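Worksheet for the structure shown next.
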Amino acid sequence: MIDKQSRIPVYCQIQDTIKKKIELKEWGPGSTIPSERKLCEMFSVSRLTVRQAIQGLVDDGYLVRKRGKGTFIQERKIEQQLVGVTSFTSLMKAQGKTPKNELLSLQRIVAPDIVKRELNLTEHSQILCIKRIRLADEIPMAIETTFLPLDYQNYSLEQNIHSSLYEFIENNLNLKIGNAKQTIEAGIAGKNEAKLLHIPVHAPLLLINKVTYLADGRPFEYVISAYAGERFKFSLDIRRA
Ligand code: 16G
């Protein structure tokens with residue numbers, strides 16, 4: 001409990017107590033914290049001290065304020081280690097989450113120039129363009145637009161699109177996925193992304209462009225994704241150059 005004689009400032013002691021509650025999941029991710037009045041009673045301190053403690057925890061990313069709704073425990077971000085080519089489905093399963101897709105559109109289109117270039121396609125090549133929202137435990141993580149050469153259309157991809165694309169490619173088409181190259185950039189959500197990802201307009205996004213190759217070196221997908229920055233992070237181990 002709070003020791004007012006201690007040399008540790010009272011607001012820091014409150015922060016430590018709250019951090020412990022978050023760590024022990026006494027206060028679970030996504031739930032609201034008690035009202036200011038309750039916190040004042042709980043710690044026998046003034047509103048000013050409670051506010052100072054809460055502000056620090058918001059600044060450090062433990063808590064998040066949602067306008068008109070209150071202050072919430074920040075959800076832990078999902079982390080993707082950039083070590084190997086993984087599918088969204090297997091990444092979520094490995095983290096104990098239930099993956100889900102919402103199909104926004106599936107179209108045959110003439111390949112945009114960048115896709116033609118990256119997938120080594122000829123002029124006027126038609127491709128499959130699949131737009132999906134990728135969810136984990138019903139929470140939208142990313143909007144993913146995948147461009148695939150049309151050879152895949154003959155293999156009932158349309159019927160399988162609600163499950164894993166990588167499983168379909170490896171299991172149904174007997175192809176082996178190899179390596180990938182990708183870029184990650186910062187972005188902000190426009191109206192459409194905000195609506196689809198359930199985040200505020202101007203919230204941070206991680207924008208990824210990726211080309212994935214089969215084990216034999218043929219490029220087989222070009223993917224553009226927008227991940228909700230507040231829910232996702234990428235990590236990698238690096239060595240001294
Ligand atoms: C991941 C990949 C994406 C791939 C998808 C397949 C990244 C940044 N993106 O989201 O390129 O198309 O997984 O997922 O790694 P699926 O097999 O679950 O459909």
Side-chain angles (χ1 to χ4, degrees), residues 77-107 109 111-112 114-115 117-121 127-153 155-187 189 193 196-197 199 204-237:
K77 287 186 184 180
I78 290 180
E79 183 171 335
Q80 177 168 357
Q81 277 190 303
L82 295 174
V83 280
V85 176
T86 15
S87 74
F88 183 87
T89 303
S90 56
L91 177 72
M92 291 309 131
K93 286 185 180 162
Q95 307 226 357
K97 309 262 175 204
T98 307
K100 202 173 133 185
N101 302 321
E102 257 171 50
L103 184 62
L104 296 174
S105 61
L106 189 151
Q107 293 170 299
I109 57 165
I114 172 84
V115 179
R117 239 187 348 260
E118 296 291 1
L119 298 183
N120 295 337
L121 301 171
I127 46 157
L128 217 51
C129 173
I130 306 160
K131 203 162 181 180
R132 299 182 287 174
I133 303 180
R134 315 299 314 253
L135 303 98
D137 288 348
E138 304 293 331
I139 298 171
M141 291 290 144
I143 307 164
E144 199 169 73
T145 308
T146 310
F147 299 93
L148 293 170
L150 262 193
D151 334 351
Y152 301 118
Q153 73 173 326
Y155 297 94
S156 66
L157 175 59
E158 271 110 328
Q159 281 93 300
N160 287 278
I161 202 58
H162 291 287
S163 49
S164 166
L165 176 66
Y166 279 10
E167 275 171 31
F168 174 81
I169 286 173
E170 297 206 301
N171 302 341
N172 296 41
L173 307 187
N174 282 324
L175 296 169
K176 201 163 163 27
I177 293 172
N179 57 315
K181 63 169 192 186
Q182 71 179 43
T183 57
I184 305 177
E185 288 176 82
E193 285 117 349
L196 294 174
L197 292 172
I199 52 175
L205 296 176
L206 294 165
L207 303 175
I208 298 182
N209 282 20
K210 179 177 175 222
V211 188
T212 319
Y213 303 85
L214 295 173
D216 63 14
R218 278 180 295 158
F220 81 92
E221 69 164 0
Y222 184 75
V223 187
I224 300 172
S225 348
Y227 283 78
E230 66 183 62
R231 303 187 188 133
F232 215 90
K233 66 178 170 188
F234 294 91
S235 67
L236 65 163
D237 285 330

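None of the values given here were measured: they were computed from a predicted structure. These numbers come from the heavy atoms of this one structure, side chains and all, not from hydrogens, waters or symmetry mates. Whatever order the structure lists ligands and atoms in, that order sets their numbers, starting from 1.
- No side-chain heavy atom of Val85 sits under 4.5 Å from any side-chain heavy atom of Gln182.
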List ligand 1's nitrogen or oxygen atoms that come under 3.5 Å of a protein nitrogen or oxygen, with the partner atom and distance.
from	atom 1	to	atom 2	distance (Å)
ligand 1	10 (O)	Glu144	OE2	2.6
ligand 1	11 (O)	Tyr166	OH	3.4
ligand 1	11 (O)	Lys210	NZ	2.8
ligand 1	11 (O)	Glu221	OE2	2.9
ligand 1	12 (O)	Glu221	OE1	2.8
ligand 1	12 (O)	Glu221	OE2	3.4
ligand 1	13 (O)	Phe88	N	2.9
ligand 1	14 (O)	Phe88	N	3.3
ligand 1	14 (O)	Arg134	NH1	3.3
ligand 1	15 (O)	Gln80	NE2	3.3
ligand 1	17 (O)	Ser164	OG	2.5
ligand 1	17 (O)	Leu165	N	3.1
ligand 1	17 (O)	Tyr166	N	2.9
ligand 1	18 (O)	Thr89	N	2.9
ligand 1	18 (O)	Thr89	OG1	2.3
ligand 1	18 (O)	Arg134	NH2	2.8
ligand 1	19 (O)	Arg132	NH1	3.1
ligand 1	19 (O)	Arg132	NH2	3.1
ligand 1	19 (O)	Arg134	NH1	3.4
ligand 1	19 (O)	Arg134	NH2	3.4
ligand 1	19 (O)	Leu165	N	2.8

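- Using a 4.5 Å heavy-atom cutoff, the side chains of Ile224 and Phe147 are in contact.
- Residue Phe220 is tested with Leu173, Leu119, Leu148 for a side chain to side chain contact (heavy atoms under 4.5 Å, CB included); the sole match is Leu148.
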For a quick test of your reading: what N or O donor-acceptor pairs under 3.5 Å do the side chains of residues 131-139 make, sequence neighbours left out?
from	atom 1	to	atom 2	distance (Å)
Arg132	NH2	Glu144	OE1	3.3
Arg134	NE	Asn101	OD1	2.8
Arg134	NH1	Glu144	OE1	2.7
Arg134	NH2	Asn101	OD1	2.9
Asp137	OD1	Thr98	N	2.8
Glu138	OE1	Lys100	NZ	3.0

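- Using modelled atom types, one finds a donor on one side chain and an acceptor on the other under 3.5 Å when comparing Glu79 with Ser235.
- Rounding to the nearest 0.5 Å gives a distance of 7.5 Å between CD1 of Ile169 and CG of Leu214.
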